[in-house]
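Here the structure comes first, spelled out in structure tokens, and everything after it is commentary.
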Amino acid sequence: MSVRVRFAPSPTGPLHVGGVRTALFNYLFARKMGGQMLLRVEDTDQNRFVPGAEAYIIEALRWVGIEIDEGAGVDYAGEPGPNGPYRQSERREIYQAEATRLVEEGKAYYAFDTADELDAMRQRLEAANAPAAQYNAITRLQMKNALTLPPAEVQSRIANGEAHVIRLKTPLKEEIRLNDIVRGWVTVHSSAIDDKVLLKSDGLPTYHLANIVDDHLMGITHVIRGEEWLPSAPLHVLLYRYLGWEDTMPRFAHLPLLLKPEGSGKLSKRDADLGGFPIFPLQWTDPATGVVARGFREDGYRPEALVNFLALLGWNPGTEQEIFSMDELIAAFDIDKIHKGGARFEIEKAKWFNQHYIRQLPDSDLAPVVMQQATEAGFACSLEKATQITALLKGRITFANELFAEARTIFYAPTEYDPAIVSAKWNDDAKRAATVFGDALTGYNGLFAADEIKHLLADTLQQAGIKQGKVMQAMRLALTGSGIGPDMMLTMEIIGKDEVMARLEKALADI
RNA sequence: GGUCGAUUCGUCUAGCGGUUAGGACACUGCCCUUUCACGGCAGUAACACGGGUUCAAGUCCCGUAUCGAUCACCA
């Protein structure tokens, strides 16, 4: 049987980087096994629905390079798709039918308790020091439901349109075992599971029901999700059993969590803000508040870098290879090698990956970024010049959008000169070198390219009896105002002869 | 608090009874580069603790500690 996995986010906002990793692991496993990856939208909570979130999630997955084989985001030309619809809000009849079936089979029941009544019950139990304040095999007998009310009253309440839910009739004493791919055998006593609401009073299912029904109907073979779902996994096993689908129940793999870079707890938006890094793949503008949250893409991260970084958080192929393309990850992926423990999300290594992938990029891919930023700053910058700048500076940056800032000494003539270099290097020889080189340039009509400039400078200084090594840093100072920077000859080539001469004159006058 | 789970350098991790406990990021130094960066080389740095089992334990077992997840008509 072919492997089928799903990523099932809730459209309550932008996709968190932890969600991206969950999607990534699903994708790697699916591809590795030659199976399919589905995208299902779990929008059963009408209160938390955020417009635009679904489109954001689809775009984010596309950006990182996760391809969806089936489900939301795939174009079915108006048709629901082979197992669609893939939006749970459009599948309510399906869940209602299954919930009703469970009621008819005595595995679930109607309940009419109001929020206040539930509150009161919990408070009462807590006051009595009960082991757990839950709606279960014992407490259900004191509540307003089909187990305590006469059948005729249940019927009339429903007929009258009274708000009601359907709850799972969880057995009092039963061991529920589940063989998790990551964690091995997990055993939970049914007393730890309460009579979970399956169908809410608005007619929509809760996560638990919708999830099991859809995974079954959509032929899901492996459920790969975050560790936060582990405690409810036994409930899901119970549901498969009650629904009569236990023989085709998917295998579970609960992924370790992404933790805060420091301190304790799982990674949150706040940690990202504090640490000055993004937590969402793409920039996100909250439709309600207009608040903009930064994205990895907009911050200059390459998708390959994010993927490479994320893949190695909680998983490792057991080799010493660190750099992986998506295809290499797929080839190396082994679900049995997923860790049990959480991983701290430290951005430093992500930056290192980014630096690596930036260098891999052809100059022609990066040049437009320089051109655009230069244009925005009011400079005429041809694609050719931008490409030259990229080639010169690519190895010095971590993010593509740092190129223009790194190139500031090319675009801007110095307005001040590093005092430390001035006092150490700007001596008589240096001034004389600037003068003779300026003069030589005046009479020079050859090609103004790095190699030629190098020769001209060497010859000129030699004739003047100046040791080049003694004045090179001063020359750099005169041209850029700084003692550090990329190759001088190439820099001069890009700046151009006229500007070089102008800057030499300016330095001679100003320092 | 109940339940479940985790614990190797600061961080990500390799390890699956016998290793000088390996790699990467970060950090430091050296080399290269008449600068800086890149690159190369080197270095600092870890098995949470206590008991067992065993000739032998980072590896197996049991405790303790610490950390985490979860206990809604949210997913």
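Throughout, protein chains are lettered first and strands after them, A, B, ... in sequence-line order, and every chain is numbered starting at 1. Predicted model only: the values in this text are computed from it and were never measured.
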* When all nucleic acid strands are considered with a 4.0 Å heavy-atom cut-off, which category describes A:E262: base, sugar-phosphate, or nothing? -> nothing

* Close side-chain approach of A:Y86 to A:M218, heavy-atom, < 4.5 Å -> yes

* Under 6.0 Å between the ring centres of A:F277 and A:F296? -> no

* Going by an N to O cut-off under 4.0 Å, is there a salt bridge joining A:D429 and A:R432? -> yes

* For B:rA14, which nucleotide in any strand shown is its Watson-Crick or wobble partner with both distances under 3.5 Å? -> none

* Counterpart base for B:rA37, defined by Watson-Crick or G-U wobble contacts under 3.5 Å -> none

* To do: May I ask you to check whether A:F25 and A:F7 place their ring centers less than 6.0 Å from one another?
  => no

* For every nucleotide of nucleotides 62-75 of chain B, 5' to 3': is a protein heavy atom under 4.0 Å from its base (B), only from its sugar-phosphate (S), or from neither (-)? -> -----SSSS--BBB

* Asked: How is A:G341 classified with respect to the nucleic acid when contacts are heavy atoms under 4.0 Å: base, sugar-phosphate, or nothing?
  -> sugar-phosphate

* Contacts to RNA chain B from residues 399-409 of chain A, heavy-atom cutoff under 4.0 Å, which residues? -> none

* **A:E304 and A:Q360 side chains, donor-acceptor separation under 3.5 Å** => no

* Is there a side-chain contact between A:P317 and A:F324 (heavy atoms, below 4.5 Å)? -> yes

* Selection residues 305-319 of chain A - residue pairs positive for side-chain hydrogen bond (donor to acceptor under 3.5 Å, both in side chains), sequence neighbours left out -> A:N308-A:Y357

Pull out every protein N or O sitting under 3.5 Å from an N or O of nucleotides 42-44 of chain B, one pair per line with the distance.
none

* Asked: Should the ring pair A:Y240 and A:F252 be called parallel, tilted or perpendicular, given that the plane angle runs from 0 to 90° and is split at 30 and 60?
  -> perpendicular

* Watson-Crick or G-U counterpart of B:rU64, or none if no pair lies under 3.5 Å -> B:rA48

* **Touch class at under 4.0 angstrom, heavy-atom based, for A:G395 against every strand present** => sugar-phosphate

* N-O pairing of A:D113 and A:K144 below 4.0 Å -> no

* Asked: Base, sugar-phosphate, or nothing for A:P486, non-hydrogen atoms under 4.0 angstrom?
  -> base

* In B/S/- notation, 5' to 3', how is nucleotides 14-23 of chain B contacted by protein heavy atoms closer than 4.0 Å? -> S-------SB

* Asked: Is there a Watson-Crick or G-U wobble partner for B:rU70 with both distances under 3.5 Å, and which nucleotide is it?
  -> B:rG2

* Asked: If you draw the axis of the six-membered ring of A:Y109, does the NZ or CZ of A:R167 fall within 45° of it and under 6.0 Å from the ring centre?
  -> no

* Asked: Between A:T187 and A:W352, which is nearer to the 5' end of RNA chain B once each is assigned its nearest nucleotide?
  -> A:T187

* Asked: Any side-chain N or O of A:R359 less than 4.0 Å from the OP1 or OP2 oxygen of B:rG39?
  -> yes

* Note: A:E228-A:K266 ion pair, threshold 4.0 Å (strictly below) -> no

* Asked: C1' atom, B:rU70 versus B:rC12: distance in rounded Å?
  -> 26 Å

* When the C1' atoms of B:rC49 and B:rA57 are considered, how many whole Å apart are they? -> 15 Å

* To do: List in numerical order all residues of residues 472-483 of chain A for which some heavy atom is under 4.0 Å away from an atom belonging to RNA chain B.
  => A:M472, A:Q473, A:R476, A:G483

* Do A:E54 and A:R87 meet the salt-bridge criterion of a basic N to acidic O distance under 4.0 Å? -> yes

* A:R344/A:E346 salt bridge by N-O under 4.0 Å criterion -> no

* Is B:rA21 paired to anything, Watson-Crick or G-U wobble with both distances less than 3.5 Å, and if yes, which nucleotide? -> none

* Structure fact -> Of all heavy-atom pairs linking A:D214 and A:R40, the shortest is CB-NH1, 3.2 Å

* Asked: Under 6.0 Å between ring centres, would you say that holds for A:Y301 and A:F353?
  -> no

* Can you tell me, in whole Å, how much space there is between the P of B:rG58 and that of B:rA46? => 15 Å

* Considering only atom C1', compute the distance from B:rC32 to B:rU20 and round it to an integer number of Å. => 31 Å

* **Nucleotide forming a Watson-Crick or wobble pair with B:rG58, both distances under 3.5 Å** => none

* For A:Y110, the option from A:N145, A:V103, A:L149 that meets side-chain contact (heavy atoms from CB on, under 4.5 Å) -> A:V103

* Report yes if some heavy atom in the side chain of A:T12 is under 4.5 Å from a heavy atom in the side chain of A:D45; otherwise report no. => no

